[in-house]
Amino acid sequence: MNNYGESNGDLNVHEKQVEGHDHCENGDGSDNRVILGIDGGTTSTVCVCIPLFSSSKSLPNPPPILGRAVSGCSNHNSVGETAARDTLEEVMAEALSKSGSDWSAVHAVCLGVSGVNHPTDQERILNWLREIFPSHVKLYVQNDAVAALASGTMGKLHGCVLIAGTGCISYGFAEDGREARASGAGPVLGDWGSGYGIAAKALTAVIRAHDGRGPQTMLTNKILKALSLSSPDELIGWTYADPSWARIAALVPEVVSCAEACDQVATKILVNAVQDLALSVKAVVQRLQLCGEDGNGSFPVVMVGGVLEANRTWDIGKEVMKCIQEQFPGAHPIRPQVEPAVGAALLAWNFLMKESTESSHS
């Protein structure tokens, strides 16, 4: 995927607010310009506002958050273009308001958004941003996996990230700038390591146990109780009343609980998910040769998403890393100390510094 970043060309609906952008310095000469970082996932969209640090200063770790806002899904494949655009604009406006800033203070914006799988997707979102921001604002659009990687590497693009939440994707960058991805095509196209994939298989197992096509499983009582249903037959109506990915994926804790109680059906579902997630990372590592020629080179694997959280006895994230390290012993897990939206903001800062360096050498 190309690194889409540019200044846009036309003023817009916020023209009156941004035309005074020359006033972005306080009376004491300090710079109060800001960077917006956005993480737009399938479930929610988070925007953070951080200060624009001078290139002469070291970047704080973690950077101070001036404002933070949360809204709904901004994946245009899930909610449509109009709703996605509205969500992005609302969440940026709220973050700016909470920070005490306004649109005129924005110097750069980096969006890490799920559903950005092709340059045409990036161009579509850039067009939305051009209608919001004036020409001096730097705009960057990436897949949300890139922002997640940056959250574990302080904005540097090297190594691999594995996201496993409602959806799943593996994305990586080599030191020479080459990039590769695996998975992330949605549950219909085989993302079975995702929260949706795990929960959908569990629901299927309950139905198969009920009609005699599969073995009995603790999942039946566990899921029915969680949903306040009395019979597996009611699962059909519940599922199709609203088959949204996040609603289905919310059942993952029930599957983990059953696996921790040694239910064989639930355990098999999680083992298969682990293998699928590990395979997606391995595919990226091999394509980018992150492990070096001898296969033992060191590289980070940033672990992001609720499915990978290490707070259960049956630790999916730990099992995934064990599977990866069997083939690539140099892989070392990183659990980010900041959220992906902050990673997006750090990514914007690094892009700005790189462009500044390149322009000074030209």
Side-chain angles (χ1 to χ4, degrees), residues 1-3 5 39 58-59 61-62 110 112 116-117 140 142-165 167-185 190-194 271-305 307-310 315-340 342-344 346-351 353-354 357-358:
M1 183 183 300
N2 294 325
N3 167 27
D39 171 42
S58 58
L59 193 63
N61 183 14
C110 181
V116 174
N117 303 310
Y140 308 99
Q142 299 281 353
N143 185 281
D144 63 332
V146 181
L149 173 61
S151 72
T153 60
M154 281 298 287
K156 298 176 181 178
L157 294 182
H158 173 249
C160 186
V161 63
L162 174 64
I163 300 178
C168 66
I169 188 172
S170 177
Y171 211 111
F173 284 83
E175 290 185 345
D176 61 7
R178 289 179 298 119
E179 55 193 283
R181 62 175 282 175
S183 300
D191 287 349
W192 296 115
S194 66
V271 168
N272 288 341
V274 165
Q275 293 173 342
D276 191 69
L277 292 170
L279 184 61
S280 68
V281 172
K282 291 177 181 179
V284 169
V285 172
Q286 289 174 323
R287 286 165 61 189
L288 296 178
Q289 297 181 307
L290 295 177
C291 54
E293 293 183 0
D294 63 358
N296 295 318
S298 176
F299 60 92
V301 179
V302 178
M303 312 280 280
V304 177
V307 171
L308 302 175
E309 289 178 359
D315 189 331
I316 296 175
K318 182 179 179 180
E319 294 301 318
V320 169
M321 278 308 306
K322 187 186 301 183
C323 189
I324 293 169
Q325 290 171 331
E326 287 176 357
Q327 185 171 347
F328 302 116
H332 58 94
I334 294 177
R335 294 191 180 271
Q337 300 303 303
V338 298
E339 62 183 330
V342 178
L346 294 172
L347 199 56
W349 187 84
N350 278 319
F351 285 151
M353 295 306 102
K354 181 179 178 181
T357 301
E358 290 174 350

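Nothing fancy with the numbering, it's 1 onward along the sequence.
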Determine yes or no for a side-chain-to-main-chain donor-acceptor pair under 3.5 angstrom, with [X] supplying the side chain and [Y] the backbone.
X: N350; Y: M154; answer: yes
X: R181; Y: S183; answer: yes
X: N296; Y: G330; answer: no
X: Q289; Y: R287; answer: no
X: Q325; Y: A331; answer: yes

Atom [atom1] in [X], atom [atom2] in [Y]: separation rounded to 0.5 Å?
X: L290; Y: F299; atom1: CG; atom2: CZ; answer: 6.0 Å
X: L162; Y: C168; atom1: CG; atom2: SG; answer: 7.5 Å
X: E309; Y: D315; atom1: CD; atom2: CG; answer: 10.0 Å

> Picking from I163, V281, L308, what satisfies side-chain contact (heavy atoms from CB on, under 4.5 Å) with M303?
Replying inline: L308
With a 4.5 Å heavy-atom cut-off, do [X] and [Y] have their side chains touching?
X: I334; Y: V161; value: no
X: Q275; Y: N272; value: yes
X: F173; Y: L149; value: yes

